[in-house]
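Down below is the structure, laid out as structure tokens.
Note: hydrogens, waters and symmetry copies are ignored here, and every other heavy atom, side chains too, is used. Chain naming here is simple, since letters A, B, ... match the order of the sequence lines and numbering starts at 1 in each. What you are looking at is a predicted structure, and each value in this text was computed from that prediction instead of being measured.
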4 protein chains.
Amino acid sequence: MARGINKVILVGNCGQDPETRYMPSGGAVTNISIATSESWKDKQTGQPQERTEWHRVVFFNRLAEIAGEYLRKGSQVYVEGSLRTRKWQDQSGQDRYTTEIVASEMQMLGGRTEAAMQGRSQPSQDSGPDYGGGYAQQSSAPAPSQNYNQQKPAPSTPQQPQTPSNFDSFDDDIPF
Amino acid sequence: MARGINKVILVGNCGQDPETRYMPSGGAVTNISIATSESWKDKQTGQPQERTEWHRVVFFNRLAEIAGEYLRKGSQVYVEGSLRTRKWQDQSGQDRYTTEIVASEMQMLGGRTEAAMQGRSQPSQDSGPDYGGGYAQQSSAPAPSQNYNQQKPAPSTPQQPQTPSNFDSFDDDIPF
Amino acid sequence: MARGINKVILVGNCGQDPETRYMPSGGAVTNISIATSESWKDKQTGQPQERTEWHRVVFFNRLAEIAGEYLRKGSQVYVEGSLRTRKWQDQSGQDRYTTEIVASEMQMLGGRTEAAMQGRSQPSQDSGPDYGGGYAQQSSAPAPSQNYNQQKPAPSTPQQPQTPSNFDSFDDDIPF
Amino acid sequence: MARGINKVILVGNCGQDPETRYMPSGGAVTNISIATSESWKDKQTGQPQERTEWHRVVFFNRLAEIAGEYLRKGSQVYVEGSLRTRKWQDQSGQDRYTTEIVASEMQMLGGRTEAAMQGRSQPSQDSGPDYGGGYAQQSSAPAPSQNYNQQKPAPSTPQQPQTPSNFDSFDDDIPF
DNA sequence: TTTT
DNA sequence: TTTT
């Protein structure tokens with residue numbers, strides 16, 4: 001159930017190969033960064049301007065497996081999901097916040113040729129033999145907490161996703 | 001022009017009255033925080049769970065004036081916009097990031113009664129006599145960067161309303 | 001699975017009370033018409049113009065029960081779904097087509113006051129005692145085809161509320 | 001201005017080359033049909049099922065020119081727009097209705113390789129030398145009525161199309 | 001870090 | 001009529 005609508009729709013390109021990890025439960029978690037960009041001419045100078053926006057996207061479970069297997073650096077992808085801002089502590093113990101899109105639907109874009117030319121080297125894993133397309137949808141259950149990879153329990157809010165213990169290592173994963 | 005789609009759709013309630021400032025150019029900038037929430041039952045314990053997500057939304061120019069005048073704490077609102085992550089430096093000079101929704105469209109929800117009961121005290125400003133509705137759409141020009149006038153951007157959460165501890169108290173903050 | 005994205009998002013008001021029927025399987029099917037409108041000034045004459053668009057929305061199963069119970073003429077509602085064009089034959093045997101939005105998510109808008117003032121007389125049915133909110137989401141199973149039980153699908157408009165001739169009269173139909 | 005939200009988002013493939021015509025005003029109007037499809041397994045029989053949905057999309061003015069020039073049969077495309085149901089009379093004078101998506105934004109998907117392999121034979125027209133991408137956005141003015149039905153462009157006049165004269169000829173254009 |  |  002929900003009160004309110006929290007919906008994000010992205011079409012963009014993966015900045016790098018997806019990273020897949022596993023939660024203690026065994027469920028997969030895949031992270032990607034998607035770029036969208038916008039260009040315009042400066043009104044004063046007439047100079048062409050461009051701004052690229054990077055979006056952190058996280059997939060869970062089955063969707064994480066599919067994303068991990070089929071997406072690659074440069075892949076064009078449609079993602080639908082919701083915004084989630086996670087709180088974590090940096091080395092100095094200060095609260096910091098990261099906003100991500102928790103994906104509920106994903107679809108690869110660009111047909112066969114495109115996919116064929118992407119040359120998938122070393123797929124992260126197998127999602128099973130029966131999946132043959134570039135589409136996947138998350139079950140509508142609430143996204144699981146993202147406490148894979150963690151050494152100690154999260155200190156703060158109970159029902160929220162656990163703050164990954166060692167956010168330094170997580171932090172190192174953030175390319176910006 | 002753009003490459004990619006970067007779209008956010010929110011329906012939620014304002015956590016507080018909007019804050020309107022002005023850029024050197026004279027253009028208005030209005031910030032609000034919108035809450036969306038989700039509730040479910042824990043699969044193990046069966047306990048009801050709730051998570052409220054707070055979204056920082058920024059309006060520019062005409063849309064900022066309308067938002068500043070018509071929205072109030074508790075207002076239910078539809079917002080469409082795009083994600084933008086801004087980089088700023090905290091006191092210690094460290095890079096930090098804040099993700100906001102730059103609104104391109106806004107519409108007040110909940111009809112006349114609702115609006116009437118919201119008792120708009122001290123409207124921030126006038127948007128002119130001919131505006132009579134709860135709808136507004138931004139011109140499609142790229143949003144200006146938002147470093148007008150201010151010393152340090154605040155991080156996402158500190159200046160936001162606190163996440164309510166339970167739903168009853170949250171309800172009390174909202175006039176319906 | 002899907003190839004492609006087929007998504008509709010509507011926020012509007014119900015033109016009349018919902019109609020709920022039952023499929024042979026026992027599953028509920030609810031139909032509503034939602035109005036959205038747009039107004040502008042004619043560029044030549046400067047005259048105010050308005051266009052109201054009516055959307056046929058169909059809900060299935062659990063969502064149909066909730067829509068049937070909670071929505072009423074005038075209710076403001078958020079609907080998300082997908083487009084489906086159904087083919088049928090008119091009396092003369094000619095093929096005709098009707099486009100509907102098959103809802104996958106629904107949320108009532110306008111808070112308690114709003115809902116309270118809508119005075120729900122004769123709810124179509126009961127959806128059970130434990131539902132207390134204005135939100136519902138369809139399971140992701142493909143919607144069943146809607147030719148249960150009935151002889152001839154009606155064309156799109158005849159059974160819809162008439163488009164109001166002007167905005168004042170339209171207002172009178174809606175309880176706010 | 002608007003009351004309500006009327007939004008459609010499609011990602012799909014063009015069923016055939018776009019058709020571009022010109023309104024008396026000189027503004028272009030382009031029609032395409034976009035397919036989206038969904039597949040699933042029948043719950044009883046376990047048989048794989050597929051349903052393809054066809055969406056009529058109409059572009060106006062600049063967007064129509066771009067769509068006409070860059071899209072081709074098979075092109076994968078993102079379209080955002082709004083639903084509009086038009087009323088028209090068939091040969092026997094009966095009222096009939098057609099629902100279309102009036103596009104406000106369009107973006108070609110699938111990158112260079114993809115586009116290159118689509119081998120654009122006979123582009124419908126020129127949209128000018130400075131357009132080099134697969135993206136376009138409509139001005140936010142209300143969609144004009146659709147009375148193309150003229151063979152000759154009247155190149156000079158302002159971009160707002162006139163009100164339609166009749167729809168009989170339009171009838172002939174509908175491929176279903 | 002992607003893409004055009 | 002597309003696409004997988």
Looking only at E:dT4, F:dT2, E:dT1, the nucleotide nearest the D:Trp54 side chain is F:dT2

What integer distance in Å separates A:Glu53:CD from E:dT1:C1'?
14 Å

Provide, to the nearest angstrom, the distance between the CG atom belonging to A:Asn13 and the P atom belonging to E:dT1.
16 Å

Side-chain donor-acceptor contact under 3.5 Å, A:Trp88 with A:Thr98
yes

Minimum-distance nucleotide to D:Ala35 side chain [options: F:dT2, E:dT3, E:dT1]:
F:dT2

Starting from P on F:dT2, measure out to CD on D:Glu38 and report it in whole angstrom.
20 Å

Nearest-Å distance for atom pair CG/P, residues A:Leu71 and E:dT3
14 Å

Hey, what do you get for CG (A:Asp90) to CG (B:Asp90), rounding to the nearest 0.5 Å?
8.0 Å

For D:Thr36, answer base if it contacts any base atom (sugar-phosphate contacts may also be present), sugar-phosphate if it contacts only those atoms, and nothing otherwise; contact means non-hydrogen atoms under 4.0 Å.
nothing

Grab the NZ-P distance between A:Lys73 and E:dT3 for me, whole Å please.
7 Å

All side-chain contact (heavy atoms from CB on, under 4.5 Å) counterparts of A:Glu50, not counting sequence neighbours
A:Ser37, A:Ser39, A:Thr52

Among F:dT2, E:dT3, E:dT1, which nucleotide has an atom closest to any side-chain atom of A:Gln16?
E:dT1

Between the side chains of A:Ser33 and A:His55, is a donor N or O closer than 3.5 angstrom to an acceptor N or O?
no

Choose from F:dT3, E:dT1, E:dT4 the nucleotide whose nearest atom is closest to any side-chain atom of D:Ser37.
F:dT3

E:dT2 base / A:Thr52 side chain donor-acceptor hit below 3.5 Å
yes

Measure from the side chain of D:Glu50, starting at C-beta and using heavy atoms only, and say which of F:dT3, E:dT3, F:dT1 lies closest.
F:dT3

Using the salt bridge (charged side-chain N to carboxylate O under 4.0 Å, His left out) criterion, which residues pair with C:Asp95? Sequence neighbours excluded.
C:Lys87

To the nearest Å, give me how far apart NE2 (A:His55) and C1' (E:dT2) are.
11 Å

F:dT4, E:dT4, F:dT1: which one has an atom nearest the side-chain heavy atoms of B:Arg3?
E:dT4

Between F:dT2 atom C1' and D:Leu10 atom CG, what is the distance in whole Å?
13 Å

Rounded to the nearest angstrom, tell me the gap between atom CZ in A:Arg72 and atom C1' in E:dT1.
15 Å

